Structure formats: C-alpha cells, structure tokens
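The chain is numbered in sequence order, starting from 1. Only a predicted model underlies this, so the values are computations on that prediction, with no experimental measurement involved.
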Amino acid sequence: MAVGSNVGEMTLRIAFDDEVTEREADQHTRNLLRLLERLDIDEVDIARGEPVPGTRVDAPMILGSISLVGLSLKTVLPHIVTIATAWLERSAQKSVTLEAGGVKLEVKGDHDPAEVAAYLALIEERSNAGIESEDSERTAEDGHR
C-alpha cells in the first residue's frame with residue numbers, strides 16, 4: 001500500500017474496558033463508525049471475518065473493529081487520529097489501535113502529531129520496501145484521557 005495520493009486500507013481495533021457488555025461494545029463501535037463516515041473514505045464498516053483472539057464476537061462481525069477502505073492515509077490519517085482521540089475521551093474506552101500496511105499505532109489519549117507523522121513515514125517506508133509484517137508496531141500513548 002503506497003501512502004501518497006494512492007488509496008489504501010486501514011483497520012481500527014477498539015480495546016474496551018472489562019465491564020463493557022457486547023451490546024455496549026457494539027454501540028460504542030457504531031458511534032465511532034458514524035464519526036468516521038464523515039471523512040473522505042470510500043468504505044467505512046464494521047470489520048468482518050475471523051475474530052482477533054481475546055475480542056468479543058458477533059459473527060460474522062467483529063465487535064470493536066472497523067474497516068476503512070479507499071482512503072489517502074497521508075490526507076485522512078490525522079483526522080482519523082483526532083476523531084479517535086475525541087471518541088476515546090467521550091466513550092471512556094481503553095484505546096484504539098490503527099493498523100495499516102502491517103504497522104500499528106495505538107492511541108490512548110492525546111496524540112503527538114510527530115508520532116502520527118512517524119507512523120505515516122513507517123507505513124510508507126514498509127510499503128516502498130514491499131514489507132507487510134504483523135510484528136511491526138509503533139505506539140502513541142500520551143497518558144491520560
């Protein structure tokens with residue numbers, strides 16, 4: 001996946017607090033989804049497919065996971081991070097992990113724009129090298145919500 005003006009894909013995974021029920025998880029996920037639908041993204045939907053170990057499942061949908069398809073990461077990513085940060089503050093959930101090109105960025109509170117830029121650079125670097133690895137990870141944690 002090239003970053004520039006090319007169209008890419010991203011997955012957002014939500015880490016819920018332990019006391020959140022499946023129904024609440026679904027509601028929180030759909031609230032975030034509605035916020036993301038306002039962005040210039042071709043397709044925003046609840047992720048479908050195999051569940052991630054340890055996540056709650058409402059087959060065939062994966063609760064707490066949103067798929068974004070048809071977006072320019074360089075243009076839209078800062079907005080996604082801002083929306084996720086504001087949503088985390090309102091929903092009081094643990095975190096949102098953004099995954100693109102085998103690279104992860106975990107947002108837990110206020111984000112550092114330099115961390116987002118480094119994340120984009122890492123995605124672009126891995127894309128240019130043709131690398132897609134699940135074990136590559138960048139984390140942005142600016143403490144408290």
Side-chain angles (χ1 to χ4, degrees), residues 1-124 126-127 132-145:
M1 165 183 57
V3 176
S5 62
N6 294 335
V7 177
E9 297 179 21
M10 173 172 274
T11 301
L12 277 65
R13 299 196 193 285
I14 303 164
F16 292 105
D17 289 330
D18 294 336
E19 67 275 359
V20 172
T21 66
E22 286 186 27
R23 182 178 178 156
E24 291 169 332
D26 180 61
Q27 182 179 20
H28 287 304
T29 302
R30 291 179 189 282
N31 288 342
L32 179 56
L33 182 131
R34 280 190 286 280
L35 294 171
L36 294 168
E37 286 176 332
R38 299 176 185 170
L39 297 175
D40 186 17
I41 301 172
D42 291 345
E43 183 181 330
V44 180
D45 203 356
I46 303 294
R48 302 181 186 284
E50 293 300 312
V52 174
T55 59
R56 298 180 173 109
V57 178
D58 184 8
M61 294 186 289
I62 303 172
L63 296 178
S65 188
I66 297 174
S67 173
L68 309 173
V69 178
L71 67 145
S72 169
L73 285 172
K74 195 172 246 179
T75 304
V76 180
L77 181 64
H79 301 292
I80 292 171
V81 173
T82 300
I83 287 170
T85 301
W87 177 86
L88 282 167
E89 290 173 3
R90 285 192 309 273
S91 70
Q93 299 310 313
K94 289 183 176 181
S95 67
V96 174
T97 300
L98 290 67
E99 300 175 30
V103 184
K104 298 177 184 179
L105 175 71
E106 185 175 15
V107 179
K108 289 189 173 186
D110 290 337
H111 65 281
D112 178 359
E115 192 71 33
V116 175
Y119 176 64
L120 272 171
L122 186 58
I123 292 170
E124 189 168 53
R126 295 182 66 73
S127 175
E132 292 248 349
S133 171
E134 289 299 317
D135 60 359
S136 185
E137 193 165 325
R138 301 274 313 172
T139 302
E141 298 179 34
D142 192 11
H144 310 284
R145 285 180 275 192

| request: Give the C-alpha distance, both sets of side-chain angles, the deciding distance and a yes or no for side chain to side chain contact (heavy atoms under 4.5 Å, CB included) between Leu32 and Ile83. | output: CA-CA 8 Å; Leu32 179 56; Ile83 287 170; 4.0 Å; yes
Considering only heavy atoms from C-beta outward, does the side chain of [X] approach that of [Y] to under 4.5 Å?
X	Y	value
Val69	Ser67	yes
Thr11	Ile66	no
Glu106	Val96	no
Thr75	Asp40	no
Leu12	Leu36	yes
Ile46	Thr29	yes

Mind checking what makes side chain to side chain contact (heavy atoms under 4.5 Å, CB included) contact with [X], not counting sequence neighbours?
X	value
Thr85	Val81, Glu89, Val107, Asp110, His111
Ala117	none
Arg38	Leu35

| Ser65 and Arg13: side chain donor to acceptor below 3.5 Å |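 Side chains of Ser65 and Arg13: pair found under 3.5 Å.
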| Say you draw a straight line from CD of Glu99 to CD1 of Ile123; how long is it, rounded to the nearest 0.5 Å? |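 Here the rounded value is 10.5 Å.
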| request: Would you give the length of the straight line joining atom OG of Ser95 to atom CG of Asp17, rounded to the nearest 0.5 angstrom? | output: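 Here the rounded value is 9.5 Å.
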Would you name the heavy atoms of [X] and [Y] that are closest together and state the gap between them?
X	Y	result
Tyr119	Leu98	OH-O, 3.2 Å
Leu88	Lys94	CD2-C, 4.1 Å
Ile14	Trp87	CG2-CH2, 3.6 Å

| query | Taking only residues two or more places apart in sequence, or in another chain, which ones meet Glu24 in a side chain to side chain donor-acceptor pair (under 3.5 Å)? | reply |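 Once residues adjacent in sequence are excluded, the partners of Glu24 under the side chain to side chain donor-acceptor pair (under 3.5 Å) criterion are Thr21.
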| Residues in side chain to side chain donor-acceptor pair (under 3.5 Å) contact with Asn31, at least two apart in sequence or another chain |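 Expected list: Arg34.
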| request: List the steps, then state whether side chain to side chain contact (heavy atoms under 4.5 Å, CB included) holds for Glu9 with Leu71. | output: CA-CA 7 Å; Glu9 297 179 21; Leu71 67 145; 5.5 Å; no
| Looking at Arg30, Arg23, His28, which one forms a side-chain hydrogen bond (donor to acceptor under 3.5 Å, both in side chains) with Asp26? |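 Of all the options given, the one that passes is Arg30.
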| said: For a side chain to side chain contact (heavy atoms under 4.5 Å, CB included) check, start with the C-alpha distance between Thr97 and Leu105, then their side-chain angles and the critical distance, and finish with the verdict. | reply: CA-CA 6 Å; Thr97 300; Leu105 175 71; over 6 Å; no
